[in-house]
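Values reported hereafter were calculated over all heavy atoms of this structure, with side chains retained and with hydrogens, waters and symmetry mates removed. Below, chain A is the first sequence line, B the second, and so on; all start at residue 1.
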Number of protein chains: 2
Amino acid sequence: MTRRATIKDVAVAAGVSRSTASRALTGRGYVATDVRERVLAAAENLRYVPDATARYLKQQVSLSLGVLVSDLRNSFYARLAAGVGQAARTQGYSLVLAEDGGSAEAQVEAAETFVATRVAGVVVTPVSADVTTYLSRHRIPVIEVDRQFAAGACDAVVVDNQTASQQVIEDLIGLGHRRIALFIDETTWTTGRERHAGYQAALAAAGIPLDPDLVVSSGWDVDAARSAATALLRSDERPTAVFAANNVLAEGVWRAANDLGLRIPDDVSLVSFDDAPWMSLVTPGLTAVAQDEAALGAAAVRRLLERIAEPQAAPVTVMMSTRIVHRESTRAVRP
Amino acid sequence: MTRRATIKDVAVAAGVSRSTASRALTGRGYVATDVRERVLAAAENLRYVPDATARYLKQQVSLSLGVLVSDLRNSFYARLAAGVGQAARTQGYSLVLAEDGGSAEAQVEAAETFVATRVAGVVVTPVSADVTTYLSRHRIPVIEVDRQFAAGACDAVVVDNQTASQQVIEDLIGLGHRRIALFIDETTWTTGRERHAGYQAALAAAGIPLDPDLVVSSGWDVDAARSAATALLRSDERPTAVFAANNVLAEGVWRAANDLGLRIPDDVSLVSFDDAPWMSLVTPGLTAVAQDEAALGAAAVRRLLERIAEPQAAPVTVMMSTRIVHRESTRAVRP
DNA sequence: CTGAAAGCGCTTACAG
DNA sequence: CTGAAAGCGCTTACAG
């Protein structure tokens, strides 16, 4: 047999109608026990695998979830996607995955695919409000993860960026640092804005005047971060500590310090937001604000499925906790 | 309007039949220019997005590819998946992604989802021949990547593990090493078998007798690798160099060396198969056999699409090149 | 408890 | 060049 078995084949083999075969196979509706068994045996025999495409068409919704992240090569997104996949699978959903490379247009393109394939919902790390707008217009539930562009319009799973950042800066201040640089790629997303706010709040609380020169902006990739960091660390007024607002920026600073022959933490202390795997492998290990990406992903799926079940409920923002992992990349400033 | 627009809505709005609307929208078949424009305008207006589910059902194939890897948290798989996604998107395919955590049953389960959703083809890093058997039985083209379990029965994209491993060991021998350990998690997959063979070949060529105690097997995760490596490095007969057969094992060795206070390369040289991102961040940087994961993924998609176009062609195995990245984790053995 | 019929939203020969 | 009709493989009220 070259053709794939359909429910009709199963029905014929079991000597019943397609309706009955369907009821036996799905478990919905009445079927006599012996009939059910006959149908299941026939299905087994024919290696019948229901065509999800046909089922979805009939039911108008699929058992798959869309996941849209910026870049799988960044461990943060890879782990997040892994967490989403894990949780989705547990709930019987499969994953349609897309990467956007940080582009808003690419996000909308991916979103078109999601609506075309009728995914049941979408988990996204947004780069603008466009995806959410687009998907919402097509009545597809969305949940924003990591940052929010559509707060109040859809669910979200985030962490308290400000508190964590403030804590980390306070620790640095406690070590005697006064010239603390914030190394950051954007301050327009909620992540950047809040991490910036935490930085400012900690300085303000300690009565340290804000020095705008110490808030250094960088491009978003490692190469850009590396050169921006090189400029920063080479300046006469080099900071005694740097807070890198994410793992890519931290990598840039790390590489720049190596390039310049600066020792961490002796010449400069370094703290990162996001705890990438490499940070526990290098010497000294990097002190970092760790997020549990798998937990973020799982929470996103959980919330998304609740939303699917109850489309009219008010949007909720789930706040996940962070954890500061103290390693050896900071030290007291020399008196 | 609360309902999603269908092609019927578009047809009505444009004042044509559904057939004509379909021809205009898909670009297949004749449509008068002005009619086409009217249809497209109507579609735009109604924010019409064709239901891929219905299209697939009718055409009996989808424009999506299945990707099945072990673990997205391993940078090798994450980058491979990214490469596949990139290439797939370029060709108009979307990605259904699944992780198997290294389990053969999980692979078959994922494969069931793939056949249910009628993916056009599957890219897999197999852990047994089961997936390929299962998918082939359902007439779904498969391509194995990284290792082969169904050589001759389906396409594959691999690297020349043996040659690369042999080269790396020869380099070590050239540095005067004689007690070189192979640290490996399995020798039943093609990857492990070939890397092992390369190790043996290099020793044989140099007339160095094989010492079975120097082929050290380890569990597959970092914790297992770390403790196995600790035992290895702590032994009286400690090797002067270690060749870790993949990036996870290399991480285990790295951590074990740190735990024990051993310096690389002074106390022991270390070389890895797979060049993970952290290997260029640590000091000393790790010498490693690098694979271009994005290129592997792209080649897999290319070959898979050829196979889809020509299902009867003989299976081909595509061999990708590797590159040895020399860093500072090896040194000449003390005389 | 079972089956005939309708229908999900498309595409595609085919007749005109 | 266009439209009516059939059909992809399911599920699901509904009648019996």
Could you report the tightest heavy-atom contact between [X] and [Y], atom names first, then the distance?
X	Y	value
A:Val119	A:Val122	CG2-CG2, 3.8 Å
A:Glu99	B:Arg89	O-NE, 4.2 Å
B:Phe114	B:Ile140	O-CD1, 4.1 Å

Select one nucleotide: of [options], the one nearest the side-chain heavy atoms of [X].
X	options	answer
A:Arg55	D:dC10, D:dC1, C:dG9	D:dC10
A:Lys58	D:dG9, D:dA4, C:dC10	D:dG9
B:Val16	D:dC8, D:dC10, D:dG3	D:dG3

Checklist entry - Between B:Ala54 and B:Val35, who's closer to the 5' end of DNA chain D by nearest nucleotide? => result B:Val35
For [N], take OP1 and OP2 only and decide whether either is under 4.0 Å from a side-chain N or O of [X].
X	N	value
A:Tyr56	C:dC10	no
B:Gln60	D:dG7	no
A:Gln59	D:dT12	yes

Item to check | DNA chain D: stems of at least 3 consecutive Watson-Crick or G-U pairs whose donor-acceptor distances fall under 3.5 Å | outcome: C:1-3 with D:14-16, C:5-12 with D:5-12, C:14-16 with D:1-3
Checklist entry - Can you tell me how far CG of B:Asn246 sits from CH2 of B:Trp220, rounded to the nearest 0.5 angstrom? => result 11.0 Å
Closer than 3.5 angstrom, by distance alone: can the side chain of [X] be matched with the main-chain N or O of [Y] as a donor-acceptor pair?
X	Y	answer
B:Glu186	B:Thr188	yes
A:Glu144	A:Ala150	yes
A:Arg307	A:Ala313	yes

Item to check | Evaluation steps, side-chain hydrogen bond (donor to acceptor under 3.5 Å, both in side chains), between A:Arg23 and A:Thr20 | outcome: CA-CA 5 Å; A:Arg23 281 193 300 268; A:Thr20 302; 3.3 Å; yes
Find the distance [X]:[atom1] to [N]:[atom2] and express it as a whole number of Å.
X	N	atom1	atom2	answer
A:Arg4	D:dC8	CZ	C1'	12 Å
A:Arg28	C:dT2	CZ	P	18 Å
A:Leu57	D:dG7	CG	P	17 Å
B:Asp51	C:dC8	CG	C1'	8 Å
A:Ile7	C:dG3	CD1	P	13 Å
B:Lys8	D:dA5	NZ	P	13 Å
A:Tyr30	D:dT11	OH	P	19 Å

Item to check | Those residues that, when tested against A:Glu306, pass side chain to side chain donor-acceptor pair (under 3.5 Å) (two or more places apart) | outcome: A:Arg303
Checklist entry - Checking all strands, does B:Arg18 fall into the base, sugar-phosphate, or nothing category for heavy-atom contacts under 4.0 angstrom? => result base
Next on the checklist: B:Arg36 vs B:Thr33, test: side-chain hydrogen bond (donor to acceptor under 3.5 Å, both in side chains). Steps then yes/no.
Outcome noted: CA-CA 5 Å; B:Arg36 157 172 300 122; B:Thr33 327; 5.6 Å; no
Item to check | Residues touching DNA chain C, which here means a heavy atom under 4.0 Å, drawn from residues 19-26 of chain A | outcome: A:Ser19, A:Thr20, A:Arg23
